[in-house]
Structure formats: structure tokens, C-alpha cells
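Read the structure below first, then the notes.
What you see is a predicted model, and the numbers here were worked out from it, not measured in a lab.
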Amino acid sequence: YSKNRSSTPHYVSETATVQNSMITEGCEVYGDVDFSVLFSDVTVEEGAKVHYSIVMPGTVIKKGAVVQYAIVAENAVIEENAVVGLSPEETENLDDWGVAVIGSEINVGKGAKVAPKVRANTIPSNRATGDDTQCAIQSIAPRSMPNCFVTNAASSEILNAATMMM
């Protein structure tokens, strides 16, 4: 627990489970949080899971989403049933395992999957059309680009393929 004088107190619902974690002011937790740090004004909706992760201010993790072994930057949205990251126990080859990174103001679409060792960054919107992904896939690097939207199954396939190439 920590104080942030510009935010309201945090709220943990009766349906939530919070263990081994730090929840700061302004957070609303309705889901499951374990071994994680939630910065101010983060929302974890009912049925969502956040494990072994760092979630920066203003992020929303929607119903049924799973965020594990990940760093999620400011004001991101993880839509319903999206999966960000993977536990090392679920990885066949540990050389393929790593932390997934979601940049500032990125929206990971419904049902999308962001694999370990992947960071999705924005490309100019004039280069993305229709249901195609609007994210360039890169290995984890110290760069942040806003306003990315990872959308459908095709996006998931691209994100998973990018992991294999690393």
C-alpha cells in the first residue's frame, strides 16, 4: 500500500483476491492479483488475473483478461479475454520465455495474445488497414510509442510468430 495524494483511496471488492502485491491509491480491484505492483488508478475487472506483473498508472484490465510476467505501461487497455505474457512453467523451452511488454496507451484487443519476449509498438496508422494489426513487433527495447491497437486472431498469430523469430 502507498499513498498518492491526488487519487482517491484504492478499492478492493469482496470478490477480489489480492496477495503478495502492492496496490496504490485510486486502484479498483475486482479480480485476482498476486505478486504484482499496481500503480495509481489501475482497474482490474472481475474475472481478470494479474500475476507477477507491473502495471503502470491508468491502465484497465478487462473482464477475463490474463496478464502474467508482464510490464504494462501507462493508460493501456487489456480487453476482455486477452492474454499478455506466459508463465515459465507453461513454456516448453525456457530460452523462449521472457517478459511481455505493453507500451503506453496501447489497446490489446479482445481475445488477443501477446507472447513472452514481445513488445508491440505503433506504426503510422496510414500503414494499417482493416483488421490487420496496427503494431510493429520488436524485441524488448527502450522505446515507447503510443496509440497501438492489437486486434484479432491475425494479430495474435503475428505476435506469436515474432516471438519465434527472436
Fill in: Student check: side-chain heavy atoms of Asp96 and Pro116 closer than 4.5 Å
no

Worksheet item: With side chains defined as the heavy atoms from C-beta onward, is the minimum distance between Glu79 and Asn107 less than 4.5 Å?
Response: yes

Practice prompt. Using modelled atom types only, decide if a donor and an acceptor are shared between the side chain of Ser36 and the backbone of Ile54 within a distance under 3.5 Å.
Written response: no

Please output the side-chain donor-acceptor pairs of residues 60-67 that fall under 3.5 Å, not counting sequence neighbours, one pair per line with the distance.
none

Worksheet item: Are the side chains of Ser40 and Thr24 in touch, meaning some heavy atoms are under 4.5 Å apart?
Response: yes

Worksheet item: With sequence neighbours excluded, what pairs up with Glu90 under the side-chain hydrogen bond (donor to acceptor under 3.5 Å, both in side chains) test?
Response: Gln68, Ser87

Discussion item. Counting C-beta onward and ignoring hydrogens, is there a side-chain heavy-atom pair between Phe39 and Thr59 closer than 4.5 Å?
Written reply: no

Discussion item. Connecting only ILVMFWY residues whose side-chain heavy atoms lie within less than 4.5 Å of each other, what is the rest of Tyr11's hydrophobic cluster?
Written reply: Tyr30

Practice prompt. Check whether Tyr69 and Val18 end up in the same hydrophobic cluster, where Ile, Leu, Val, Met, Phe, Trp and Tyr are linked by side-chain heavy atoms less than 4.5 Å apart.
Written response: no

Item to complete: Enter the distance from Leu38:CG to Ser53:OG here, rounded to the nearest 0.5 Å.
Response: 9.0 Å

Worksheet item: Any side-chain heavy-atom pair from Asp34 and Lys49 closer than 4.5 angstrom?
Response: no

Response to the item:
In this structure, CG of Asn75 is separated from CE of Met56 (nearest 0.5 Å) by 11.5 Å

Worksheet item: How long is the gap from CD1 on Ile78 to CD on Glu45, to the nearest 0.5 Å?
Response: 11.5 Å

